2 protein chains.
Amino acid sequence: TGTLSKDDLALGNINRTQQIMKHGYPSLDNIRIFDNYILSYDRRNRVANWVFEHLSSEKMRSAESVDRGKCEFREDPNIHPYFRSTNQDYKGSGYDRGHLAAAANHRFTQMLMDQTFFLSNMAPQVGKGFNRDKWNELEIEVRKMVKENDNVWVCTGPLYLPKKEADNKFYVRYEVIGPQHVAVPTHFFKVVLCEKKGEYKLFSYVLPNLPCDQSTPLSSYLVPIDSIERAAGFLIFDKMPRKAIKSLNGK
Amino acid sequence: TGTLSKDDLALGNINRTQQIMKHGYPSLDNIRIFDNYILSYDRRNRVANWVFEHLSSEKMRSAESVDRGKCEFREDPNIHPYFRSTNQDYKGSGYDRGHLAAAANHRFTQMLMDQTFFLSNMAPQVGKGFNRDKWNELEIEVRKMVKENDNVWVCTGPLYLPKKEADNKFYVRYEVIGPQHVAVPTHFFKVVLCEKKGEYKLFSYVLPNLPCDQSTPLSSYLVPIDSIERAAGFLIFDKMPRKAIKSLNGK
Ligand SMILES: [Mg+2]
Ligand SMILES: [Mg+2]
């Protein structure tokens with residue numbers, strides 16, 4: 001029974017789970033506990049609500065034998081078939097199967113990297129200009145932050161943002177792909193909490209799921225964290241008092 | 001702390017809660033336990049995921065003093081302000097504040113009816129032709145079923161159904177109203193499980209959130225329950241084996 005409730009946390013590696021989720025669960029809906037990351041699955045949209053990672057130089061150490069080429073995208077058998085995204089959904093859709101917890105953050109063992117290839121950790125992402133470019137650049141930036149800090153917590157997820165249409169009203173509109181109707185998020189967020197010698201910094205990004213101008217610096221995508229929380233429908237790092245955070249988005 | 005987890009169920013009237021939820025929780029996300037109905041709140045859309053009622057002739061008995069005119073629509077203070085729908089959101093939107101658990105099912109005491117007026121039990125509904133007409137007719141039909149059976153369980157909620165657009169792709173599209181961006185569902189479902197002398201019948205309806213042709217009979221809105229479950233993202237009455245149900249949608 002893959003979707004675990006709070007009660008079931010004891011089934012996983014409780015210590016690692018507590019480390020990853022140290023600053024609070026954004027929600028308790030359909031939690032999936034993997035060995036090195038944790039997610040909440042949105043069964044209506046067939047995409048995660050959020051994915052949490054805890055990264056450090058030590059935990060991100062790369063075992064030489066770990067080979068991304070050996071990994072295969074596969075259905076998550078612990079999601080009920082009604083709500084499960086499949087490779088078939090992505091096929092011919094024009095979208096990449098984009099990792100939420102980035103594969104390259106999980107090189108410690110082959111099994112940890114393999115676990116990032118479950119489709120419950122994927123979302124339909126624009127390939128060129130986004131997944132393979134600007135979003136990848138952000139993932140690389142996060143790994144740079146890991147090297148410069150003692151601990152880094154990352155919360156990543158999709159957004160479905162409203163837009164004003166010609167009638168002056170606001171509408172949420174997003175494509176759904178494949179027989180399972182997997183939602184194509186309009187945007188993705190990544191919130192990064194860095195800790196160094198007990199001092200905390202937070203960075204909160206929102207990028208549109210579109211080909212991004214590669215010359216736009218990542219800092220242009222920084223937004224107040226509450227704008228992400230309001231749109232996503234949950235609080236992020238809510239156990240970490242905002243007053244205890246020394247800098248927000250570099251300010 | 002209004003959004004209760006599984007752990008917190010003991011805080012409410014555990015016996016009544018168990019009666020209402022006898023055939024299973026569709027999900028455990030942001031559960032609100034009221035005295036006579038229970039809901040799961042979708043903080044992203046600011047509308048419930050589902051609302052559960054347990055109805056019987058006895059429990060639906062009307063106290064003479066109960067007066068709908070005394071009830072007021074009010075914010076649910078137990079929902080975090082970021083995610084709470086407000087009267088301001090509905091004002092000038094053109095939509096009714098439509099009850100999910102119908103007020104008229106909760107006439108046993110004034111307090112029980114008052115509790116159905118929390119905005120967490122409301123969704124933006126088209127007034128004329130829907131909330132005040134066809135949807136109301138369905139609510140009356142349910143109360144008729146209550147009179148003809150020993151026990152009736154009702155699960156009611158919104159749907160956000162995809163539609164094929166001109167480019168042959170499928171899109172989910174819905175309006176959001178007010179400063180809080182309360183979602184306007186494209187459809188509503190109501191699943192009714194009737195029990196009489198140990199025999200079960202199930203009826204599952206989906207109606208579009210539009211002015212409905214009042215001459216269309218309610219039976220035209222019956223759909224297979226799994227089509228509701230797949231679209232809603234949860235299972236309904238999943239503790240009740242389908243084989244144990246004598247008739248589905250009258251068949
Ligand atoms: Mg990627
Ligand atoms: Mg109504």
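Predicted model only: the values in this text are computed from it and were never measured. Each chain gets a letter, A, B and so on, in the order its sequence line appears, and its residues count up from 1.
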Basic-acidic side-chain contact under 4.0 Å: A/Asp96, A/Arg132: yes
Criterion salt bridge (charged side-chain N to carboxylate O under 4.0 Å, His left out) on A/Asp76 and A/Arg32, from CA distance to verdict: CA-CA 10 Å; A/Asp76 187 336; A/Arg32 294 274 294 121; 2.8 Å; yes
B/Ala231, part contacting chain A, at a heavy-atom distance under 4.5 Å: backbone
Plane angle bin for A/His23 and A/Trp153 - parallel if under 30°, tilted between 30 and 60°, otherwise perpendicular: perpendicular
Contact origin within B/Phe83 toward chain A - heavy atom pairs under 4.5 Å: side chain
Under 4.5 Å from a heavy atom of chain A, the part of B/Tyr160 involved: side chain
Region of B/Ile177 in contact with chain A, defined by heavy-atom distances below 4.5 Å: neither
Aromatic A/Phe118 / basic A/Arg74 pairing, under 6.0 angstrom, 45° off normal: yes
Chain A contacts, top residue of B/Ser93, B/Pro81, B/Pro162 (heavy-atom pairs, under 4.5 Å): B/Pro162
Cationic N near anionic O, under 4.0 Å, A/Glu165 to B/Arg173: yes
Among B/Asp226, B/Leu235, B/Val184, B/Asp42, residue most engaged with chain A (heavy-atom pairs, under 4.5 Å): B/Leu235
